[in-house]
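Notes for the one structure printed next.
Throughout, protein chains are lettered first and strands after them, A, B, ... in sequence-line order, and every chain is numbered starting at 1. When reading the values below, keep in mind they use all heavy atoms of this one structure, side chains included, and skip hydrogens, waters and symmetry mates. Nothing here was measured: the structure is a model prediction, and the numbers come from that model.
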2 protein chains.
Amino acid sequence: MTEQTPNAPPAEDPPLSVGQRPQTRIQLRNTKAILEAALDVFSQYGFRGSTLDQIAQAAGLSKPNLLYYFPSKEAIHVALLSGLMEVWLAPLYALDADGDPRDEIMGYMRRKLEMSREMPRESRLFANEVLQGAPRFLDGIEGELKTLVDAKAAIIATWSQQGKIAAIDPYHLIFSIWSLTQHYADFDVQVRTILGPKRDSFAEAETFLETLFSRLLVP
Amino acid sequence: MTEQTPNAPPAEDPPLSVGQRPQTRIQLRNTKAILEAALDVFSQYGFRGSTLDQIAQAAGLSKPNLLYYFPSKEAIHVALLSGLMEVWLAPLYALDADGDPRDEIMGYMRRKLEMSREMPRESRLFANEVLQGAPRFLDGIEGELKTLVDAKAAIIATWSQQGKIAAIDPYHLIFSIWSLTQHYADFDVQVRTILGPKRDSFAEAETFLETLFSRLLVP
DNA sequence: TGATGGTTTGACCATTCGGGCAGAATAGAC
DNA sequence: GTCTATTCTGCCCGAATGGTCAAACCATCA
């Protein structure tokens with residue numbers, strides 16, 4: 001429940017004046033509440049499927065009050081996306097070129113699965129956005145994400161060439177980690193329905209993915 | 001009042017393949033055009049993100065004319081979903097208990113990947129729906145889908161126990177096939193952006209997934 | 001050719017939605 | 001307590017949106 005997200009409030013979106021205002025306690029509390037509520041709503045209904053009224057109600061504010069802190073619905077969405085970007089990419093940033101190849105990749109997979117379990121809303125938020133062509137997020141994908149993936153893929157490629165892991169395409173390895181881990185968050189309803197209420201999908205997923213990637217990485 | 005004419009235009013049946021109503025040529029053509037257009041629109045924008053005007057325009061019809069063939073926006077969506085269900089599940093239906101275990105599973109994976117390549121709109125349609133909690137499709141998931149998966153998982157479990165393939169959870173194996181193949185359709189924008197325009201994501205995916213599942217299945 | 005029933009449309013409606021605005025309420029410094 | 005900048009709200013608006021309906025259109029066949 002407790003969000004310990006180290007996200008800085010949207011530095012690019014000071015509510016009122018153009019000049020950078022020092023955030024008051026109220027501003028901080030409300031922008032936080034708004035982003036939290038928006039995460040709830042956007043991740044469940046997508047951008048167009050969500051309404052300002054929904055978000056306002058979830059945040060315990062009136063609609064005009066919402067618009068006092070953010071200039072538009074889209075601004076909230078963008079603020080959310082970019083604010084969560086670094087959190088979302090942190091596990092991949094942590095992949096260390098100097099670590100043990102197998103451990104690093106398995107660790108990345110584990111952290112990603114952990115994030116799917118702990119932050120399913122964030123996962124669905126990004127999934128919704130990308131699914132619909134990332135109309136408000138292409139910049140992020142083309143920029144920071146691509147840069148990061150390119151860098152880490154290069155590291156993995158080196159490991160491959162050195163025979164420390166199997167000779168597989170590093171990009172598709174990363175894709176496979178994304179898809180397999182996020183699947184349990186994004187398609188949670190489906191997974192749970194098929195597995196039934198008694199099974200712990202994430203616990204089982206961990207075992208399964210451990211096996212899968214162990215076998216995949218063996219040189 | 002042509003309110004509930006029993007033999008008239010489709011009130012609730014999938015007009016395409018299943019319906020055996022005495023359909024006019026015009027009815028057939030237009031319902032087909034509507035569902036085709038709706039697939040385009042719904043798969044791109046999700047249910048709430050799509051408008052009747054969009055669908056009508058894509059189908060080359062007027063909005064009232066749309067509503068002459070389908071009673072509501074939701075009816076179109078449901079008709080689409082249920083109409084496509086059998087197509088979507090066909091690859092899994094084809095998994096044969098009497099075939100060679102490895103071939104059957106690898107074949108299923110290949111057919112699924114092929115479907116992601118050939119029918120990305122359908123993939124995104126289901127993805128959108130499930131992502132948002134499958135509000136209009138839970139029946140399908142709880143019913144036909146779960147039944148089918150249970151049946152095929154049992155087959156795979158047998159193969160596992162007989163040592164013909166690795167001892168892995170059959171449900172998660174199926175999930176992994178879904179997630180890895182559909183990822184290339186659902187997150188197409190992301191995949192293409194990261195790989196760049198010159199690389200053929202699906203061709204590479206085939207190679208990669210071939211390796212991945214070969215290694216995973218080995219007893 | 002005229003009758004008939006399926007097909008199409010323009011005009012319309014109620015609701016919802018994103019957003020604007022003036023002014024009231026309030027917090028915090030003095 | 002006063003004052004001021006910040007925060008909040010009631011009320012409004014124009015544009016979309018899902019959906020309705022009576023009338024018009026048109027293909028077909030007796």
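Listed by chain and number, the residues in a salt bridge (charged side-chain N to carboxylate O under 4.0 Å, His left out) with B/Arg121 are B/Glu36, B/Asp40 (sequence neighbours excluded). Looking at residues two or more places apart in sequence or on another chain, you find no salt bridge (charged side-chain N to carboxylate O under 4.0 Å, His left out) involving B/Glu122. For the salt bridge (charged side-chain N to carboxylate O under 4.0 Å, His left out) test, residues two or more places apart in sequence or in another chain that qualify with A/Arg110 are A/Glu210. With sequence neighbours left out, A/Phe213 forms a ring pair (Phe, Tyr, Trp, His ring centres under 6.0 Å) with no residue at all. Taking B/Phe175 as the reference, B/His172, B/Trp178 meet the ring pair (Phe, Tyr, Trp, His ring centres under 6.0 Å) condition, with sequence neighbours excluded. The salt bridge (charged side-chain N to carboxylate O under 4.0 Å, His left out) search around A/Glu114 returns A/Arg117, not counting sequence neighbours.
The nearest whole Å value for the distance from the CG atom in A/Leu28 to the P atom in D/dT7 is 11 Å. Between the NZ atom of B/Lys73 and the C1' atom of D/dA16 there is a distance of 11 Å, rounded to whole Å. Here C/dG18 presents its C1' atom at 11 Å from CD1 of A/Ile55, a figure rounded to the nearest Å. In this structure, B/Arg29 atom CZ and C/dG6 atom C1' are separated by 13 Å, rounded to whole Å. In this structure, the CD1 atom of B/Ile76 is 12 Å from the C1' atom of D/dG19, given to the nearest Å.
Legend: salt bridge (charged side-chain N to carboxylate O under 4.0 Å, His left out) pairs involving residues 176-194 of chain A, not counting sequence neighbours, sorted by first then second residue: A/Asp188-A/Arg192. Judged as a side-chain hydrogen bond (donor to acceptor under 3.5 Å, both in side chains), the pairs with a partner in residues 70-79 of chain B (not counting sequence neighbours) are, in order, B/His77-B/Arg136. Counting only residues at least two apart or on different chains, the salt bridge (charged side-chain N to carboxylate O under 4.0 Å, His left out) pairs with a member in residues 42-55 of chain A are A/Asp53-A/Lys63.
For the segment residues 57-65 of chain A, residues with any heavy atom less than 4.0 angstrom from an atom of DNA chain C are, sorted by number, A/Lys63, A/Pro64. Less than 4.0 Å separates DNA chain D from at least one heavy atom of each of the following residues of residues 43-53 of chain A: A/Arg48.
Distance from the side chain of A/Tyr69 is smallest for D/dT7 among the nucleotides D/dT7, D/dG18, D/dT20.
OP1 or OP2 of D/dT7 sits under 4.0 Å from a side-chain N or O of A/Tyr68. Side-chain N/O atoms of B/Asn30 include one lying less than 4.0 angstrom from OP1 or OP2 on C/dT8. Phosphate contact (OP1/OP2 of D/dT7, side-chain N/O of A/Gln27, threshold under 4.0 Å): present.
Looking only at side-chain heavy atoms (C-beta outward), B/Ile194 and A/Ile174 stay at 4.5 Å or farther from each other.
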Can you build the contact string for nucleotides 22-29 of chain C? Use B for base contact, S for sugar-phosphate-only contact, and - for no protein heavy atom under 4.0 Å.
------S-

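A donor-acceptor contact shorter than 3.5 Å links the side chain of B/Gln54 to the backbone of B/Thr51.
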